[in-house]
Amino acid sequence: MESPEQYREAAREAGVPEHAIDLALGLARPQIELTSSAEDGGVLVGQYGGLPSLPPDAVWGSYPHFVASVDCAALPRGFLDIPLPEDGHLLFFANKHDADGGGEPDTRNYVVHVPAGTATVERAPEAVFGDDEEFEDEEEAAYWTAPHTDPRPLYARPIRSLPADDDDALHDPEVRRVYRKYGLDHHDKRKLVWEVDLLLGGYAYSPQDPPIMQSPEERVEEEWVLLAQAQYAMHADPDCQGCPFWIIRRSDLEKGDFAGARVAMWNYY
């Protein structure tokens, strides 16, 4: 949502009672919307596509594919409810090629934090898949290194997000009943997921199961949080939309340790 006031006005016009509006606003979480347009007052914070700038000794051949880079120091300070680094760049990588790369979350340097002041070089994709597995021929190499897009700027805008009606945030049966009865997530006048390049923090908007499914008890033991999400057409099958969700343990995020970050990759047609 643009603002609580905007949401309240839209919900009232739809006949939603005040107690339900208050419930929705109590569930709202801060989120940062990143798009290639500054028309809505966004601040320049990074780059979508192009080539990643990495330390010379960083291990990266061509996969996972580079998605975007965000300058943490340029983001709205203290707005999110997850502890992002205060400076340096966060680089996001994922499968941009085909649906076969999706499925279960795994770890493969999908999120890289480059601290401020670190020497970097712009890296072009190499004909190497993973750490040591070389492509069999030039055709296969071209097939996997092809998901390269021209760079475009990313502008950040702080917004508020509401959960989908199957989100774990609605674990209380009465809260879920009221939320669904009044369609509380339908009065949110925000851009749709496929209209933005990247979303930081907030709730996940998934075409399938939520990327994080934890009970309140499981969160107490070890909480996973959503770091970012995106959506794009897959290179080998443009009719297929890839939906990467970058997730991380809150304890790792608080320490600035991104080695254990994962990607849950959903796809749909």
Do [X] and [Y] have side chains that get closer than 4.5 Å, going by heavy atoms?
X	Y	value
His113	Asp257	no
Val67	Asp197	no
Leu90	Leu84	yes
Leu51	Phe66	no
Leu80	Ile32	yes
Phe92	Pro244	no
Pro163	Leu170	yes
Pro64	Asn95	no

To the nearest 0.5 Å, what is the distance between [atom1] on [X] and [atom2] on [Y]?
X	Y	atom1	atom2	result
Trp224	Arg250	CH2	CZ	13.0 Å
Leu227	Leu199	CG	CG	12.0 Å
Arg190	Ser161	CZ	OG	6.0 Å
Leu226	Ile247	CG	CD1	8.0 Å
Cys243	Gln231	SG	CD	4.0 Å
Asp71	Leu154	CG	CG	11.5 Å

Quiz item: Between Tyr110 and Phe93, is the ring centre distance below 6.0 Å?
Solution: no
Quick one: do [X] and [Y] make a salt bridge, cutoff under 4.0 Å?
X	Y	answer
Glu174	Arg177	yes
Asp166	Arg176	no
Glu2	Arg157	yes
Glu254	Arg249	no

N/O donor-acceptor pair under 3.5 Å between [X] side chain and [Y] backbone:
X	Y	answer
Arg180	Asp165	yes
Arg8	Asp22	no
Gln31	Gly201	yes
Gln6	Met1	no

Quiz item: With a cut-off of 6.0 Å (strictly less than), are more than 12 heavy atoms of other residues, nucleotides or ligands near NZ of Lys189?
Solution: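 Result for NZ/Lys189: open.
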Quiz item: Within a reach of under 6.0 Å around CD of Glu39, are more than 12 heavy atoms found that belong to other residues, nucleotides or ligands?
Solution: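 Result for CD/Glu39: open.
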hydrophobic_cluster_shared for [Y] and [X], side chain cutoff 4.5 Å:
X	Y	answer
Tyr203	Phe245	no
Val175	Tyr182	yes
Phe258	Val45	yes
Phe79	Leu34	yes
Trp246	Met265	yes

Exercise. Just say parallel, tilted or perpendicular for the rings of Tyr7 and His187, cut-offs at 30° and 60°.
Key: perpendicular
Quiz prompt | Ring geometry between His235 and His97 (parallel below 30°, tilted from 30 to 60°, perpendicular above 60°) | solution = tilted
